Amino acid sequence: MGKSTIYENVLTQINNAADILNLDGQVRELLHEPMRTLTVSIPVKMDDESIHVFKGFRCQHNDVLGPTKGGIRFHPQVCEDEVKALAAWMTFKCSLVGIPYGGAKGGVLVNPKELSRNELEKLSRGFIQAISPIIGPDKDIPAPDVYTDAQVMSWFMDEFSKLKGVNTPGLVTGKPVVLGGSFGRHSATARGVMYITIEAAKAIDLDLNGATVAVQGFGNAGSFSAKFLHEQGCKIVAANDSKGGIYCKDGFNPVDAAKHKEETGSLKGFQGCDDISNEDLLTMDVDILIPAALENQITEDNAENIKARMIIEAANGPTTPEADEILFKREIMIVPDILANAGGVTVSYFEWVQNLANYYWSKDEVDRKLEEIMVEAFEKVYNTHIDMGVNMRVAAFIVAIKRLTEAMKARGWVYNDHKY
Ligand code: GLU
């Protein structure tokens with residue numbers, strides 16, 4: 001049997017929960033296919049005067065709960081299947097944490113590390129122009145994702161505002177504070193990961209003080225998760241990025257490691273650490289494993305060898321359905337992506353609310369409100385996991401699908417007499 005695609009993995013996740021809910025065909029049908037996917041070609045005049053045409057996508061999965069929401073990634077491996085899957089996960093993520101959004105995602109096939117700043121700006125402006133007919137503060141609101149940041153969001157917002165002749169901060173989230181960004185958005189995904197890790201540790205009776213942690217991926221989500229968990233008393237013993245990994249039995253300071261990465265371009269060679277391969281990092285004997293990179297990292301090929309007591313998915317889609325089953329049998333707790341990394345989109349929601357109101361909150365207010373939402377979502381999922389005897393991912397999808405179904409019923413998209 002060939003390996004399934006990422007979107008096929010999402011369908012399996014939906015069906016696993018839908019089967020338990022005895023979900024009617026209409027709801028499944030609506031959740032199985034995205035509403036729309038726009039494919040665009042973006043011509044960019046490069047620094048050497050040549051024209052390069054980049055390919056990009058914006059997929060809007062489902063908008064029953066509100067305007068669609070989700071990041072835009074710049075990555076050489078972006079494809080339509082991946083963007084569709086990431087858009088679907090956003091639908092379930094937003095539903096799960098109770099914010100009024102549907103799910104979307106975008107991507108451009110590019111290695112941004114190979115572009116000059118000037119080329120990157122042109123590509124960012126070109127992409128937002130190309131998708132401008134289907135986005136807007138009350139339609140679809142982009143945000144950062146893999147290899148995009150506050151600077152790219154600024155170009156998006158500026159270009160769209162010029163195009164429409166209206167200053168539109170609510171078009172995107174993840175902007176710098178000076179342009180209407182929210183305090184706390186930059187590190188929100190990781191702050192959410194921290195709140196969730198605290199709750200999950202309580203649930204499995206793990207003392208975070210001295211608990212060992214391995215982090216796969218050291219971008220925004222990974223590096224800040226390491227920082228926050230270090231502040232909680234955890235010992236960060238391993239981390240990696242696309243260029244290699246570092247390991248230190250006694251733990252290292254993740255803030256210094258991030259500084260080293262910023263200065264040298266990678267974690268490799270960080271003082272006091274040995275090299276470690278990606279496979280060895282994933283199967284290390286640690287208390288907590290945090291995948292914070294890309295999809296399909298924990299698979300049937302390595303799930304038997306995972307030694308962590310719990311896995312907190314800061315990345316989207318790091319674990320395949322086959323690996324899920326193996327890990328559930330082995331009683332390793334996985335806190336699924338749609339719960340664990342929902343802090344990012346939650347603070348994106350706060351940012352958008354502040355933009356629409358033109359009234360800005362303090363960092364404390366943002367953090368407090370984020371904690372409240374994350375803890376409540378964890379409790380809902382954990383209780384469903386215990387009450388129904390299903391794994392945490394199925395439980396998270398059950399909670400999310402119930403809310404989506406209720407909204408579909410209310411809108412008249414599905415029959416009213418349906419059980420859910
Ligand atoms: N890209 C992030 C995610 O996957 C954030 C999306 C957002 O803030 O809209 O959840």
Side-chain angles (χ1 to χ4, degrees), residues 6 10 57-63 65-75 78 82-108 128 131 135-150 152-153 156-157 169-176 180-193 196 217 219-222 224-225 291-295 312-318 335-355 366 370 373-374 377 396 400:
I6 305 178
V10 177
F57 306 95
R58 182 72 181 172
C59 172
Q60 298 169 341
H61 176 258
N62 183 286
D63 67 352
L65 290 171
T68 50
K69 183 93 191 76
I72 289 172
R73 68 172 56 174
F74 286 176
H75 194 271
V78 162
E82 181 195 44
V83 173
K84 273 170 64 177
L86 291 160
W89 281 319
M90 290 307 301
T91 298
F92 299 104
K93 195 184 299 186
C94 294
S95 176
L96 173 61
V97 291
I99 55 180
Y101 288 139
K105 202 75 163 207
V108 178
I128 221 67
I131 65 166
I135 58 170
D138 49 10
K139 283 201 235 177
D140 179 14
I141 306 121
D145 197 75
V146 174
Y147 294 160
T148 56
D149 58 12
V152 173
M153 298 309 116
F156 284 167
M157 193 278 269
L171 170 78
V172 293
T173 56
K175 302 177 293 296
S182 177
F183 285 119
R185 174 63 186 87
H186 186 53
S187 53
T189 306
R191 184 167 285 281
V193 165
I196 290 294
N220 176 285
F224 280 108
S225 294
L294 297 168
E295 305 87 23
I312 311 283
E313 294 184 338
N316 290 307
V335 182
D337 45 11
I338 60 169
L339 171 61
N341 71 32
V345 74
T346 299
V347 177
S348 275
Y349 167 57
F350 298 160
E351 179 172 334
W352 178 78
V353 167
Q354 293 170 74
N355 293 152
V366 170
L370 173 63
I373 287 182
M374 297 305 291

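Computed from a prediction, not measured in an experiment: that's the story for all the values here. Whatever order the structure lists ligands and atoms in, that order sets their numbers, starting from 1.
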Seminar exercise, completed: In this structure, atom 9 (O) of ligand 1 is nearest to the protein heavy atom Lys69 NZ, 2.9 Å
For this session: Kindly determine whether His75 and Leu294 satisfy side-chain contact (heavy atoms from CB on, under 4.5 Å), including the steps that lead there.
Result: CA-CA 11 Å; His75 194 271; Leu294 297 168; 3.8 Å; yes
Problem set entry | Sole candidate of Glu351, Lys175, Gln354 that passes side-chain hydrogen bond (donor to acceptor under 3.5 Å, both in side chains) when paired with Ser182 | Gln354
Problem set entry | ligand 1 atoms in contact with Met90 (distance to a heavy atom under 4.0 Å) | 3 (C), 4 (O), 6 (C), 10 (O)
Exercise. Can you check whether Ile141's main-chain N or O pairs, donor with acceptor, with Lys69's side chain at less than 3.5 Å?
Worked result: yes
For this session: Examine ligand 1 and decide if any of its atoms is less than 4.0 Å from a heavy atom belonging to Pro144.
Result: yes
Exercise. Taking C-beta and beyond as the side chain, do Thr189 and Phe224 meet within less than 4.5 Å on heavy atoms?
Worked result: no
Exercise. What atoms in ligand 1 come closer than 4.0 Å to a heavy atom of Gly70?
Worked result: 9 (O)
Exercise. Does CZ belonging to Phe183 count more than 12 external heavy atoms closer than 6.0 Å?
Worked result: no
Problem set entry | Part of Glu351 with heavy atoms under 4.0 Å of ligand 1, whether side chain, backbone, both or neither | neither
For this session: List every atom of ligand 1 that sits less than 4.0 Å from any heavy atom of Ser348, numbering the atoms from 1 in the order shown and giving each element.
Result: 7 (C), 8 (O), 9 (O)
For this session: Please state whether the rings of Phe74 and Phe156 are parallel, tilted or perpendicular, taking 30° and 60° as the class boundaries.
Result: perpendicular
Exercise. What atoms of ligand 1 come closer than 4.0 angstrom to any heavy atom of Val345?
Worked result: 7 (C), 8 (O), 9 (O)
For this session: Go through the steps to decide whether Ile128 and Ile135 satisfy the test side-chain contact (heavy atoms from CB on, under 4.5 Å), and finish with yes or no.
Result: CA-CA 9 Å; Ile128 221 67; Ile135 58 170; 3.8 Å; yes
Exercise. In the protein, which heavy atom is nearest to atom 7 (C) of ligand 1, and how far is it?
Worked result: Ala143 CB, 3.3 Å
Problem set entry | N or O contact, Lys105 vs ligand 1, cut-off under 3.5 Å | yes
Seminar exercise, completed: Here the atoms of ligand 1 under 4.0 Å from any heavy atom belonging to Lys93 are 3 (C), 4 (O), 10 (O)
Exercise. Just heavy atoms, cut-off under 4.0 Å: does Leu86 contact ligand 1 by side chain, backbone, both, or neither?
Worked result: neither
Exercise. Going by atom types only, do Ser348 and Arg185 share a side-chain donor-acceptor pair under 3.5 Å?
Worked result: yes
Exercise. Identify the closest protein heavy atom to atom 5 (C) of ligand 1: which residue and atom is it, and at what distance?
Worked result: Arg185 NH2, 3.6 Å
